[in-house]
**Student:** 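Structure in C-alpha cells, see below.
In what follows, every chain begins at residue 1, and chains take the letters A, B, ... in the order their sequences are listed. Hydrogens, waters and symmetry mates play no part in the numbers below; they use all other heavy atoms, side chains included.
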Amino acid sequence: MQNNLFIYNSLSKKKELFKPLHPPFVGMYVCGPTVYSDAHLGHARPAITFDLLFRYLQHLGYEVRYVRNITDVGHLENDADEGEDKIQKKARFEHLEPMEVVQKYMNTFHKNMEQLNTLSPSIEPRATGHIIEQIELVKILINSGYAYESNGSVYFDILKYNQKYHYGKLSGRVLDELISNTRETEGAEEKHNSFDFALWKKANPEHLMKWPSPWSIGFPGWHLECSAMSIKYLGEQFDIHGGGMDLQFPHHECEIAQSTAALGKESVHYWIHNNMITINGQKMARSLGNFITLDQLFSGNHPLLSQPFSPMTIRFFILQAHYRSTVDFSNEALQGAEKGLQKLMKAVETLNKLKPSATSTIDVNELKQKCYQALDDDLNSPILLSHLFEGVKFINSIADGSEKIDSKGLETLKELFSTFVFEILGLKDETTGQSDEKLTGELMKIIIDIRQAAKNNKDWTVSDKIRNDLKNAGIILKDLKDGAEWERE
RNA sequence: GGUCGGUUAACCGAGUGGCUAGGUAGCGGUCUGCAAAACCGUUUACGGCGGUUCGAAUCCGCCACCGACCUCCA
C-alpha cells in the first residue's frame with residue numbers, strides 16, 4: 001500500500017513519511033477525556049484533529065484501529081501525585097457515586113462528539129476496566145527495577161530509567177534541570193525523588209475508588225492506564241499516539257518511560273500533538289471565566305457568545321486552522337466560519353444541478369492533486385479548504401455560464417467534493433431536517449399574513465387560492481374573527 | 001526562571017528568499033422591479049531594531065509582546 005502522507009512527529013520534531021508497521025493495518029491511540037465535567041472546546045480540538053487523521057487514513061485504504069481511552073480514575077487535582085481524584089471530588093460535590101459522575105459526563109461527551117460528526121473510535125477503553133492490566137504492568141516495572149514500593153504506593157524511578165534511556169526526549173526536559181529546579185517538599189516523602197511519578201497510590205480510608213493490589217488497597221496512577229491499554233489493544237509497538245500538546249509533559253513523557261522500561265523498546269512510532277484553543281486571544285481556563293462548554297456553544301447560552309454556533313460551524317472553524325497552531329475563538333471569527341461553511345454547502349447543492357458541456361475550461365484533476373497534496377503535507381486542512389473554495393468558484397462560474405465543464409470533469413468534481421468535504425473533512429449539511437416543525441410554523445404564519453393582506457384588499461381570488469391549495473397540501477385553514485389558525489388534515 | 005512555539009492586513013488564518021493563499025467583513029461594478037445569491041474588480045499585511053543578500057515578511061542576531069508546559073512565589 002502506497003501513501004505520500006508526511007506527518008509531524010513530536011518526537012523527532014520533523015515531518016516524516018508515514019510508514020505503518022504492519023500495513024494495511026494502522027494502530028492509533030489518542031488520549032481521551034477525564035470525565036468529571038462537561039465537554040468543552042478544548043475537547044473538540046483533538047477529537048476533530050484525530051477524526052480527520054482517522055478518516056484520511058481510512059480513505060487511503062488502511063484498516064485503522066483507533067483507540068481512545070476514557071479516564072475514569074486516577075487523575076488527581078494537581079499532577080504532583082497529590083490532591084483529590086478529580087472524579088471523586090465532583091462526586092462529593094454532586095452527591096453522586098463516582099461512577100455516576102463518570103457515566104453522566106461520558107454520555108455528554110459522546111453526545112457532543114456525535115454532534116461534531118466525529119466517528120466513534122474502534123475501542124474506547126476505560127481505566128477502571130483495566131485495573132488488572134495496570135497492576136501487571138506495575139509488577140513488571142518493579143521486577144525489572146524501574147519502580148519501587150514505598151508505604152503501599154509504587155513510584156517510577158526516573159533516575160534509574162535515565163541511566164539506560166533518555167527521560168525527557170519528547171518534551172525537551174533535561175533531567176539535571178528538573179533536579180536543580182526541584183525543592184524538596186517537607187514532611188513524609190514517599191518518593192525517592194520529587195519527579196518520580198506514581199504508578200500505584202495507596203488509598204486513604206475515605207477514598208471511594210479503590211482496588212486490592214499486592215501493595216495496598218489503592219488506585220492506579222494517571223499515566224499508567226494509557227501504557228497498559230495501548231499495549232493491550234495495539235500491541236507492544238504501534239504506529240500513532242496522539243493527544244493535546246498540554247499532555248506532552250508530564251503525561252506522555254511518563255508514558256514513554258513506563259512503556260520503554262517495561263518492554264525494553266519504544267512503543268510509539270509517531271507522536272502527534274494538536275495545539276490548544278484560545279478565546280479572544282486568551283487561553284481558555286476556568287479561572288479566567290472564559291470557559292465555554294460545547295453545549296453552551298451550540299445553544300448560545302454563554303455571556304461571551306453573541307449567538308449559537310452549530311456543531312458544523314465549530315468543526316469548520318477548527319479545520320480552517322492547522323492542527324499544530326493555536327486557534328483563537330471569537331464571535332467574529334465564528335460568524336466568518338459560519339458564512340464560509342454556508343458558501344461551501346451552497347456550492348455543493350449547485351454542483352448537483354450543473355449540466356455538462358461538450359468541452360471543459362477548467363482542470364479538475366489538477367485541483368484534485370492539490371487537495372491530496374494539502375492533506376499529505378501534515379494534514380494541512382486550511383490549505384485543503386482554500387483549494388476547495390477554488391472549486392467553489394469553478395462551480396459558481398459554471399452555473400453562471402462563464403466557465404464550462406465536460407461530463408467527465410463534472411463527475412470528477414462531484415466525486416472530489418463528496419470525498420474531501422464529507423468523507424474526509426467530515427462536514428455535513430445541517431440545513432436539511434433542521435427543526436422542521438419550527439420552520440413549518442413560521443412558514444404558515446407568513447402564508448396566513450399574505451392571505452390576510454389579500455382579504456383586506458378584497459382579493460378573493462388569491463385568498464381562495466391559498467386556502468384551496470393548502471387543503472390540497474393537507475392543511476386546513478380556519479378563519480376566525482381575528483386572524484386564522486391552521487391544522488393538519 | 002526553564003523548555004518550546006508564536007507575533008501576517010478590519011476579523012480569523014495559510015504560506016514562502018523574488019511569483020494571488022483562502023474564508024469573513026469593506027468598497028466599486030455586472031446582473032436584478034427591489035433585495036439576496038453569484039460573478040468581475042479593489043483597499044488596509046507580514047511586531048521593533050540591526051545584519052546576510054542583487055533582493056527578506058521569509059535566513060541570522062538582539063529586543064518587545066503573547067501562548068503552552070514546567071518551576072518559583074503566594
**Student:** Under 4.0 Å between a side-chain N or O of A:Lys393 and OP1 or OP2 of B:C39?
**Tutor:** no

**Student:** Do the rings of A:Phe156 and A:Tyr146 sit parallel, tilted or perpendicular, given the 30° and 60° boundaries?
**Tutor:** parallel

**Student:** To the nearest Å, give me how far apart NE2 (A:His387) and C1' (B:U20) are.
**Tutor:** 13 Å

**Student:** Watson-Crick or G-U wobble partner for B:G26, using a 3.5 Å limit on both distances?
**Tutor:** B:U42

**Student:** What's the CZ-P distance between A:Phe249 and B:C70, to the nearest Å?
**Tutor:** 8 Å

**Student:** Hey, does the Lys NZ or Arg CZ of A:Arg68 hover above the aromatic six-ring of A:Phe50, less than 6.0 Å from the centre and inside 45° of the axis?
**Tutor:** no

**Student:** Suppose you measure atom C1' in B:U43 against the same atom in B:U24; what distance do you get, rounded to whole Å?
**Tutor:** 16 Å

**Student:** Using atom CG of A:Leu11 as one end and atom P of B:C4 as the other, report the distance to the nearest whole Å.
**Tutor:** 15 Å

**Student:** Only pairs with both distances under 3.5 Å count, Watson-Crick or wobble alike; so what is the partner of B:U20 in this structure?
**Tutor:** none

**Student:** Name the orientation class of the two ring planes belonging to A:His251 and A:His223 (parallel below 30°, tilted from 30 to 60°, perpendicular beyond 60°).
**Tutor:** tilted

**Student:** Which label fits A:His241 and A:Trp271: parallel for a plane angle under 30°, tilted from 30 to 60°, or perpendicular past 60°?
**Tutor:** parallel

**Student:** P atom, B:G48 versus B:A64: distance in rounded Å?
**Tutor:** 16 Å

**Student:** For B:U32, what is the paired nucleotide under Watson-Crick or G-U wobble rules, both distances under 3.5 Å?
**Tutor:** none

**Student:** What's the CD-P distance between A:Glu390 and B:G23, to the nearest Å?
**Tutor:** 10 Å

**Student:** What contact category does A:Thr326 fall into here, base, sugar-phosphate, or nothing, at under 4.0 angstrom with non-hydrogen atoms?
**Tutor:** sugar-phosphate

**Student:** Output the rounded distance in Å from CG (A:Asp328) to P (B:G67).
**Tutor:** 11 Å

**Student:** Using the P atom as the point on both nucleotides, what is the distance between B:G51 and B:A10, in whole Å?
**Tutor:** 28 Å

**Student:** Quick one: A:Phe389 CZ to B:U20 C1', roughly how many Å, whole number?
**Tutor:** 17 Å

**Student:** Sort out the partner of B:C59 for me: Watson-Crick or G-U wobble, both distances under 3.5 Å, none otherwise.
**Tutor:** B:G51

**Student:** If pairing requires Watson-Crick or G-U wobble contacts with both distances under 3.5 Å, which nucleotide is the partner of B:U7?
**Tutor:** B:A64

**Student:** Counting only side-chain heavy atoms from C-beta out, which of B:C12, B:A38, B:A21 sits nearest to A:Asn396?
**Tutor:** B:A38

**Student:** Using both distances under 3.5 Å as the test, list the Watson-Crick or G-U wobble partner of B:A14, or none.
**Tutor:** none

**Student:** Suppose you measure atom C1' in B:U7 against the same atom in B:G15; what distance do you get, rounded to whole Å?
**Tutor:** 15 Å

**Student:** Are A:Tyr372 and A:Phe420 an aromatic pair, judged by ring center distance below 6.0 Å?
**Tutor:** yes

**Student:** Is any side-chain nitrogen or oxygen of A:Asn275 closer than 4.0 Å to OP1 or OP2 of B:G67?
**Tutor:** no

**Student:** Expressed as a whole number of Å, how far does the P atom of B:A37 sit from that of B:G6?
**Tutor:** 38 Å

**Student:** Less than 4.0 angstrom between a side-chain N/O of A:Lys343 and OP1 or OP2 of B:G23, yes or no?
**Tutor:** yes

**Student:** Are any of the side-chain nitrogens in A:Glu190 or A:Lys202 under 4.0 Å away from the carboxylate oxygens of its partner?
**Tutor:** no

**Student:** Across the strands shown, which category fits A:Ser325 at heavy-atom distances under 4.0 angstrom: base, sugar-phosphate, nothing?
**Tutor:** sugar-phosphate

**Student:** Quick check: on RNA chain B, is the nucleotide nearest A:Val392 upstream (toward 5') of the one nearest A:Leu385, or the reverse? Name the residue that is more 5'.
**Tutor:** A:Leu385

**Student:** Provide the distance between the two P atoms, one in B:C65 and one in B:G41, to the nearest whole Å.
**Tutor:** 43 Å

**Student:** Send over the distance from A:Tyr323 OH to B:C12 C1', rounded to a whole Å.
**Tutor:** 21 Å

**Student:** Could you tell me how far B:C59 sits from B:C72 if I compare only their P atoms? Round to whole Å.
**Tutor:** 36 Å

**Student:** Taking the minimum atom-to-atom distance to the side chain of A:Gln320, which one of B:G13, B:G23, B:C70 wins?
**Tutor:** B:G23

**Student:** State which of B:A21, B:C11, B:A38 makes the closest approach to the side chain of A:Ser386.
**Tutor:** B:A21

**Student:** What nucleic acid atoms does A:Phe317 come within less than 4.0 Å of, heavy atoms only: base, sugar-phosphate, or nothing?
**Tutor:** sugar-phosphate

**Student:** OP1 or OP2 of B:A25 less than 4.0 angstrom from a side-chain nitrogen or oxygen of A:Lys339, does that happen here?
**Tutor:** yes

**Student:** Thinking salt bridges, do A:Glu415 and A:Lys368 make one under a 4.0 Å N-O criterion?
**Tutor:** yes

**Student:** Write down the distance between CD1 (A:Ile158) and C1' (B:C70), rounded to a whole number of angstrom.
**Tutor:** 13 Å

**Student:** Can you tell me how far P in B:U44 sits from the matching atom in B:G50, rounded to whole Å?
**Tutor:** 24 Å

